[in-house]
Amino acid sequence: MKPFDYIRAGDASEAVDAAADGATIIAGGTNLLDLMKHEVMAPGRLVDITRLDLKRIEDMDGGLRIGALVTNSDLAADMRVRRSWPALAQALLAGASGQLRNKASTGGNLLQRTRCYYFYDTAMPCNKRAPGSGCGAIGGATRLHAILGGSDACIATHPSDMAVGLTMLGAEVEIMGQGGATRRVPLTEFYRLPGDTPHIETVLEPGELITAVILPPPAAGAQTYRKVRDRASYAFALVSVAARLRLEEGRIAEAALAFGGIAPRPWRDAAAEELLCGEQPSEALFVRAADTLLQGAEAQEGNAFKIPLLRRTLTATLSQLWKESSQ
Amino acid sequence: MQITLNINREECPLDLDPRTTLLDALRNHLGQCGTKKGCDHGQCGACTVIVNGRRINSCLTLACMHEGDEITTIEGLGAPGALSALQGAFVRYDGFQCGYCTSGQICSATAMLDELREGWPSHVTKDLTGEAALSDAEIAERMSGNLCRCSAYPNIVAAIREVAEGEG
Amino acid sequence: MTAHHKMDEPDRRNRLDAMAQGIVGVGMDRPDGPEKVSGRAVYAHDGQVKDMLHGVMVRATIAKGTLLGIDEEPVKALPGVRAVLHGPRFLRNPAQGAAGEAPVQGSAEIAYFGQPVALVVADTFEQARHGAQSLALRYDEAEATVAPGEAEAETPEDKQSATGDLDAAMRDAAFSVDRTYTTPPHNSAPMEPHAAIAEYRDGKFTVRASCQMVKYNLDELADSLGVDAADVHLLSPFVGGGFGSKLGISAEAVAAALAARELDRPVAVALSRPQVFEATMRRSETRQRFRLAADADGRLTGVGHEVLVSNLPGETFSEPATQATPFLYRGENRVIGHRIARVNRTCAGSVRAPGEAVGVTALEIAMDELAQAAGVDPVELRRRNIPEEDPSRGVPFSSHMLEAALDDGAERFGWSDRPKGGTRNGEWLIGCGMASSSRVNLLNDSAARVTMNRDGTALVETDMTDIGTGTYAILTQVAAEMLGLPPDRVETRLGDSDLPKGAGSGGSQGASSSASSVFLACERLRCEIAERAGCAEEALTLKDGHAISDNRQQPLAELLQEPLSAEGVIHPGDAESRVRQASFGAFFVEVGVSAVTGEARVRRMHGSFAAGRILNAKTARSQCLGGMTFGIGMALTEELMHDPRDGHIVNRDLAEYHVPVNADVPQLTVNLLEERDPWTNPVQAKGIGELAICGAGASIVNAIHDACGVRVRDLPATLDKILPGLPERAGREG
């Protein structure tokens, strides 16, 4: 870990100013410090925002405004979330461990970096860590890697469970810039695909601070989050599915889907959702939706299993929601 | 930098490199070596301490971020001759072998029981809005952030269950 | 007073059974428990001393080549940095178990990616870590061989054997299996990373380290430093797990000692978790071909087991995967083959139960395939193939408990009432499997001193270690039993090289060897007390601090004018060659396999084991829980992944090397069978720490087959290997 200056922000504008000046924001620190210890990230200045007033979960326009510093634990335990956005609570509870969830913040979780082995090892080439150095994963070990949305420069996946749940639920990110002005970005537009610049992961500009995540009002229908992993707990997703189905008179009126473990960002595919809408649910339909989703999937030797795994997991998840909706 | 940490109800003044984690501050600067370093990256739970009533990995947080916090370590939970209920149960059930993960397991379990009391759900809770039962599966899931390579897991679950049931 | 005993003859006296205290075998709480649960137990890196500096190791980042130079100056200029060390005394890799001498040394020649080649020492850990990360190394890179399948393989003559005609047996067999199984490399992953704190004063080293076998480690450390063993004091009172990875001295202890001498300050060095993965020991991957030939009744007529393992050039250890094959089952036509590929990968060494852990696992999957082919119940197939005597050596078994373990386990598990394979529980397919377990039984030279004090207390001393195995408990119990003292009157001191040289922890011989030495010392003390009490030793009863003979009872203290001390030393002898000694057991398991995802989870698991006299029912059971869980990891999750290009370990942390977590392990059940094996040692205890891993993984893989029909032959059985065999439609039934 490189030496750094540590400053504690008294309010959001101080944090934003420091960030604009090149400081890196630290909140829960569970991923940043992890990476700093490996010198994968090496900020010269840290601005601690943990004392800012961003820890509240407030009702807003029928939805929720979740402060950026709300911990994963507190968010998952919030009765409003458990009752009305259960897929989010499930996604949070499927992530990490009790200890990490107590520290990890909502904003920080969105910004966590990939778990790619080659990103983490500074002796390896990695275009995300060291632009232009190449991709170690291609031709190497790829169990964790993307089958959708990757590029020749990078096939790393985004590791968050929470972000997949939020993406499915149509959440927006509230971002404060210098001067205190805020803007809202739908989560579907928050992350950038790697292309030739895998080191640029989001639309956040230097000096911007995530202040909250906005959840739209609860949507009707059945929803769930399903995570598939190598251990029963405390492991990153091989694939995960967040899904919501609303049935009307035996037909699918609304479908929302998001996927984790398969792409550089929480993955959403409008075509797959559209294919479902207006149709009578059936396993065959769900398989067709999966096929649509997986069109253009590109696998390496080590992650080819994710294609059938995702197809089966999506089909089963939709079948489960269908069953729940029919009861 | 100069900071003061409140550890086990004692004010501890320290002069630290900002890079120092809470774990390394405890071990290398305060000589409180009950808290263990197993991976230093939040992947094993051996360093678990309780901060303001919540369990966290002390390896993934900077000491300087904890001024004013109430920090409880394994040394603050009990001592030989005056063990906490969980510490005693871990001995009786053989909830450890080598003992290296044990400080973290017990800090984790201590705070985990508070989470249960507060009605927090877990990944294996069937009804998210209902009350979580004190089943082995619930305890095991909630304790999965603490690795034990000797695998005293069944004994750890039994020890925690006994203490939790005794309270209920 | 020193009592020596060599195990040439069976000891049928069962002296411990004649004692009166009634504490041996009892599931006594560990005497070291309160210290461990309160954070007071002092592990290697906990014994911090004043003015201590911190060192962090630096690795090589090529697979093979020569280190041309190290740019020390920029690092030395960093704040707090005191020194950059490297050179001919740095260890290339840890010493192999019981080596007793330095392993290959020197920073200059690099043999694998991750080899520790330098140490940066600074005032604080933070400064040292950054210094280590900043150190630039210059190499002359050479072409490396990293894939065992492409490497040159040695075929050592003494590791090959053949009797009869296996090819003919296979041809004539009513049923046969000819399959190849693979297991991936594993890491021991003890929760305590390898660490040492070294001090150098007046020409002598004091090193607190995390060691399994102090007597060998002392010699290895001294030899590595180029000093006399008398000038090194090694302390290892608490060890945070070893599982083979701390059998031999490793790089950090030598580097810490070198730095302490150079800087004249205490120096602490702990390996980071990635360094534990890269720079200690891995279990070699194995490629194992099994040929089983059986007659119409499923009786084996032939067994062939040919393995390919790997290691660094020059290492003598090679995973002895065939170790139990020569004696576990009958069959007159036999082939054993063993080849070693020389690769530039992290050193291969002992990981819990080297040999049988993977060898019996592959054999027991093959036996399941044979049972299926022959249409014989898997338990019955094994019962039919229990040999009368060691079929390879033609010597009798000292004691044979496999049938008892199979029967006991089957009954306790409810094998005959098990759910039909493939039974649905929601999306989960339920299946059951079983496997035999066996591990060779060993004895090692071991010494201990026992001192009786006038206040009615006793002190047991040996450099033997407790790596979680329960040594503090069992040695206390043996001494308390023999001397008639309540266990809280007995103190056991371990892990100090100034104490009598014990066996060390490794190969499941530590408990029986060290307990035997304590037994012998106590027996000697009993003779002395008997003499003073005026009776024969056999007629002396010691209980609760009193000596009883001929209806006379007097406090022990009255018989002791001064502290009474004796040393006991056990030596292995002819018993090793006259009989085949092994411990046995059986696993029974129920798994669920998701029909959707192929995820496999253990639902319940039982083990019945026979390991001679059980010295402490509680700690012995815990050892079995640990072994069975290693089996769960081996079957389902654990795999070191090597990069195909440079061989480096890709998943070198605990997030991606998946040791089982609490939620992976159901409430395991264990039953320990009564056994007295007179050939083993005077306390009739056998190894148990490794028995419960040998074959455990096979029972799970066999259960997966029962559940969903997918036969996994390449471990671990991760979902990607199960998925292709599942029906296309997971279905909504159930």
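Here Asp29(C) pairs with Lys618(C) in a salt bridge; the nearest charged N to carboxylate O distance falls below 4.0 Å. A salt bridge is absent between Glu690(C) and Arg352(C): the closest approach of a Lys/Arg side-chain nitrogen to an acidic carboxylate oxygen does not fall below 4.0 angstrom. Under a 4.0 Å N-O distance rule, the pair Glu192(C)/Lys246(C) qualifies as a salt bridge. In this structure, Glu599(C) pairs ionically with Arg601(C), as a charged nitrogen and a carboxylate oxygen lie closer than 4.0 Å. A salt bridge does not link Asp114(B) to Arg54(B): none of the charged side-chain nitrogens sits closer than 4.0 Å to a carboxylate oxygen. Ionic pairing of Arg9(B) and Glu75(B) is not present here: no N-O contact between side-chain nitrogen and carboxylate oxygen is shorter than 4.0 angstrom.
Heavy-atom pairs under 4.5 Å with chain B were tallied for Val659(C), Asp32(C), Asp466(C); the largest tally goes to Val659(C). Note: Phe96(B) leads Phe96(B), Phe90(B), Tyr93(B) in heavy-atom pairs under 4.5 Å with chain C. Counting heavy-atom pairs closer than 4.5 Å to chain B, the top-ranked of the candidates Arg129(C), Lys36(C), Met52(C), Met628(C) is Lys36(C). Ranked by heavy-atom pairs under 4.5 Å with chain B, the list Ser622(C), Gly33(C), Gly80(C) is led by Ser622(C). Ranked by heavy-atom pairs under 4.5 Å with chain B, the list Asp653(C), Thr629(C), Ile467(C) is led by Asp653(C). By number of non-hydrogen pairs under 4.5 angstrom with chain C, the leading residue of Ala158(B), Ala79(B), Gly42(B), Gly34(B) is Ala79(B). Interface remark: of the candidates Gly45(B), Cys101(B), Ser151(B), Ser151(B) forms the most heavy-atom pairs closer than 4.5 Å to chain C. Your options are Val91(B), Thr102(B), Thr21(B), and the one with the most heavy-atom pairs under 4.5 Å with chain C is Val91(B). Between chain C and the options Lys37(B), Glu141(B), Arg27(B), heavy-atom pairs under 4.5 Å are most frequent for Arg27(B). Chain B forms more heavy-atom pairs under 4.5 Å with one residue of Gly468(C), Pro34(C), Ala195(C) than with any other, namely Gly468(C). Among Leu83(B), Leu147(B), Asp136(B), Val157(B), the residue making the largest number of heavy-atom pairs under 4.5 Å with chain C is Leu147(B).
Of the atoms belonging to Val665(C), it is side-chain heavy atoms, and not backbone ones, that fall under 4.5 Å from chain B. For chain B, the nearby part of Ala41(C) is the backbone; its heavy atoms alone come within less than 4.5 Å. At a 4.5 Å heavy-atom cutoff, the contact between Asp94(B) and chain C is made by backbone and side-chain atoms alike. With a 4.5 Å cut-off on non-hydrogen atoms, Phe277(C) does not touch chain B at all. Both the backbone and the side chain of Thr619(C) come within contact range of chain B, each with at least one heavy atom under 4.5 Å from a heavy atom of that chain. Heavy atoms closer than 4.5 Å to chain B are found nowhere in Ser272(C), neither backbone nor side chain. The part of Ile106(B) that comes within reach of chain C is its side chain, from C-beta onward, which places non-hydrogen atoms under 4.5 angstrom from that chain. Looking at Leu86(B), neither its backbone nor its side chain comes within 4.5 Å of chain C, counting heavy atoms on both sides. Looking at Glu656(C), neither its backbone nor its side chain comes within 4.5 Å of chain B, counting heavy atoms on both sides. With a 4.5 Å cut-off on non-hydrogen atoms, Leu625(C) touches chain B through its backbone and its side chain both. For Phe238(C), no part lies under 4.5 angstrom from a heavy atom of chain B. Within the 4.5 angstrom heavy-atom criterion, atoms from both the backbone and the side chain of Asn28(B) approach chain C. Contact annotation for Pro660(C): both backbone and side-chain heavy atoms come within less than 4.5 Å of a heavy atom of chain B.
Taking a 6.0 Å sphere around CD of Glu118(B), one finds it holds more than 12 heavy atoms contributed by other residues, nucleotides or ligands. A 6.0 Å sphere centred on CD of Glu70(B) holds no more than 12 heavy atoms belonging to other residues, nucleotides or ligands.
In this structure the side chain of Gln87(B) reaches within 4.5 angstrom of the side chain of Ile74(B), judged on heavy atoms.
For the pair Arg273(C) and Tyr657(C), the cation-pi criterion (under 6.0 Å, within 45° of the ring axis) is not fulfilled.
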Go through the steps for Met605(C) and Ile700(C) under the test side-chain contact (heavy atoms from CB on, under 4.5 Å), then give the verdict.
CA-CA 9 Å; Met605(C) 187 172 186; Ile700(C) 296 166; 4.2 Å; yes

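Looking only at distances, no side-chain donor or acceptor of Arg283(C) sits under 3.5 Å from a matching main-chain atom of Ser188(C).
In this pair, His45(C) and His54(C) present their aromatic rings tilted. The plane angle is within the 30 to 60° band.
Between Tyr100(B) and Tyr43(C), the ring centre distance stays below 6.0 Å.
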